[in-house]
Chemist: 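Once you've had a glance at the structure underneath, I'll fire off some questions.
Please read these numbers as outputs of a predicted model, since none were measured by experiment. Order of the sequence lines sets the chain letters (A, B, ...), proteins ahead of strands, with each chain counted from 1.
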Amino acid sequence: MTTDTLIRVENLKKHFGDLEALRGVSLEITKGEVLVIIGPSGSGKSTLLRCLNLLELPTAGKILFEGQDIAAPKVNINAYRMKMGMVFQQFNLFPHMTVLKNMTIAPIRLLKKTREEAEEKAMALLKRVGLSDRADAYPSQLSGGQKQRIAIVRALCMDPDVMLFDEPTSALDPEMVGEVLEVMRELALEGRTMAVVTHEMGFAREVGTSLLFMDQGQIVEKGKPADLFDHPQNPRTREFLSKVL
Amino acid sequence: MAGWFDLVRVKFIADFVKDNRWRYIVNGLGVTLEVTVFAVLIGIVLGFLVASIRSAHEKTGKLKLANAVCKAYLTVVRGTPVLVQLLIIYFVIFGSMPVNKVIVAIIAFGINSGAYVAEIVRSGILSVDPGQMEAGRSLGFNYMGTMRFIVMPQALKNVLPALGNELIVLLKETSVSGYIALQDLTKGGDIIRGRTYDAFMPLVAVALIYLAIVVGLSKCVALLERRLRSSDH
Ligand SMILES: Nc1ncnc2c1ncn2[C@@H]1O[C@H](COP(=O)(O)OP(=O)(O)O)[C@@H](O)[C@H]1O
Ligand SMILES: [Mg+2]
């Protein structure tokens, strides 16, 4: 393990009753890497991502965050979750709070920032994603693309070391996909560490620094996006790509 | 016709004016409102506590003992008539103590109401999208923090009308307070009936007062419901 390794997953297994959603997954996420995860529906992509910040408790295996096994008992998982921003397919903004409150509640309550500090940072981030004028709006007044951009900057307000994206554009109308991918592309250019589950193959090829293909709870193939897209080695990868490309 | 009016007038004077008998109604109403308001406050505190414990147990598996206590409480309170609970609390639990009957009634109806409020709040918690809990946890809030800042405010909004209805039910249920000789509104009317041997006027007066309060409260609940539905936040 190099010092550049942020997250290291060893032989991760997750069972839901009899169903084996993850059957021994191992991977490494290095700092600054954009890891893109693709695969058919039900292959365990979301489960893998959700295990990384323990929204799902692994059945077996290790998750090392900066060398520390966070799946071990007695670890304060809340402290680690602050370092991992998560963006959901369904946005999950807090409907009873304004955009600004959505973005500042965690920094104020958890990082003990003052309101001024938190709001200053939030406004700067809103400006970057072109939504300064929506600071006082409620989520129900936003379009899907705006909601997801807010969800991304809400996570960024915590200054996370890694951002986890679970199909961030899958619930969006097609015309709004671009604006969200653009924000993600900028984050990647900035050198943010990201793990992204997506069906946007163009994004995967252009922005991803490495690509994982998952099927039936296992990593079938991994490599550089261009290599994997142009020269898939495994027949299952080939079959999947032939359907989506 | 004139004779009928005279009869009504005479009865009215006997029922409400003579010996200041209207005071039985007014004081009784005061007691009824006092018991209802404080009981519902106790009910809300108890209900939130029980609902929080039950939900936390379901989600995290912790608080086993507290959850068992809550379940027993819900079963007993919802499985027995409120009048029996009132009688037991007055005659058995406070049996030998000199105690203010208003306070006994507040405690009894508060404990009773708590069980119903708990189920209302629990349904409110369940009605909040599980994604909200996940979003809160993913930001680093612990379970309690996520409940407090993110889930509960939404749950409360969802159940506000149901809580209003619980207040209405409770108001009517306090009418059995006479069984522990507490002079609430119902008992006040009944005392007048005993004095004047006229049942019609005092009891109808009592009924009309309940009706007016309930209709008024129902209007408020309906208004609240409409307000809440028209705003998503
Ligand atoms: N909470 C859960 N309970 C039971 N089964 C689940 C749960 N979450 C996911 N699964 C199952 O685990 C498998 C992998 O799901 P998921 O990780 O969501 O796949 P993907 O994100 O790749 O579509 C699927 O068969 C799914 O039905
Ligand atoms: Mg998924």
Chemist: For atom OH of B:Tyr179, decide whether the heavy atoms of other residues, nucleotides or ligands shown that lie under 6.0 angstrom number more than 12.
Modeler: no
Chemist: Do any of residues 148-156 of chain B come closer than 4.5 Å to chain A, heavy atom to heavy atom, and if so which ones, in number order?
Modeler: B:Arg148, B:Phe149, B:Ile150, B:Pro153, B:Gln154
Chemist: To the nearest 0.5 Å, what is the distance between CZ on A:Phe94 and CG on B:Asp129?
Modeler: 11.0 Å
Chemist: For each of A:Ile105, A:Leu164, A:Asn53, tally heavy-atom pairs with chain B at distances under 4.5 Å, and name the one with the top tally.
Modeler: A:Ile105
Chemist: Which is it for B:Glu134 and A:Arg50 under the side chain to side chain contact (heavy atoms under 4.5 Å, CB included) test, yes or no, and what are the steps along the way?
Modeler: CA-CA 10 Å; B:Glu134 295 195 340; A:Arg50 291 160 56 79; 2.7 Å; yes
Chemist: Within the side chain of A:Asn92, is there an N or O that forms a donor-acceptor pair under 3.5 Å with the backbone of B:Gly131?
Modeler: yes
Chemist: Please flag which part of A:Met158 lies under 4.5 Å from any non-hydrogen atom of chain B: side chain, backbone, both or neither.
Modeler: side chain
Chemist: Answer yes or no: does atom CD of B:Glu225 have more than 12 heavy-atom neighbours from other residues, nucleotides or ligands under 6.0 Å?
Modeler: yes
Chemist: Can you find a pair of side-chain heavy atoms, one from A:Met82 and one from B:Leu139, that are under 4.5 Å apart?
Modeler: no
Chemist: With a 4.5 Å heavy-atom cut-off, do A:Asn78 and B:Phe141 have their side chains touching?
Modeler: no
Chemist: Is the number of heavy atoms from other residues, nucleotides or ligands within 6.0 Å of NZ (A:Lys113) greater than 12?
Modeler: yes
Chemist: Check this for me: B:Phe38, atom CZ, are more than 12 non-hydrogen atoms of other residues, nucleotides or ligands nearer than 6.0 Å?
Modeler: no
Chemist: Report, as yes or no, whether the 6.0 Å neighbourhood of atom CE on B:Met144 holds more than 12 heavy atoms from other residues, nucleotides or ligands.
Modeler: no
Chemist: Can you pull out every ring-ring contact (aromatic ring centres under 6.0 Å, His included) where at least one residue sits in residues 51-93 of chain A? Sequence neighbours excluded, please.
Modeler: A:Phe65-A:Tyr80
Chemist: Walk me through it: do B:Arg137 and A:Arg81 pass the test side chain to side chain contact (heavy atoms under 4.5 Å, CB included)?
Modeler: CA-CA 8 Å; B:Arg137 298 303 303 266; A:Arg81 286 204 182 113; 3.3 Å; yes
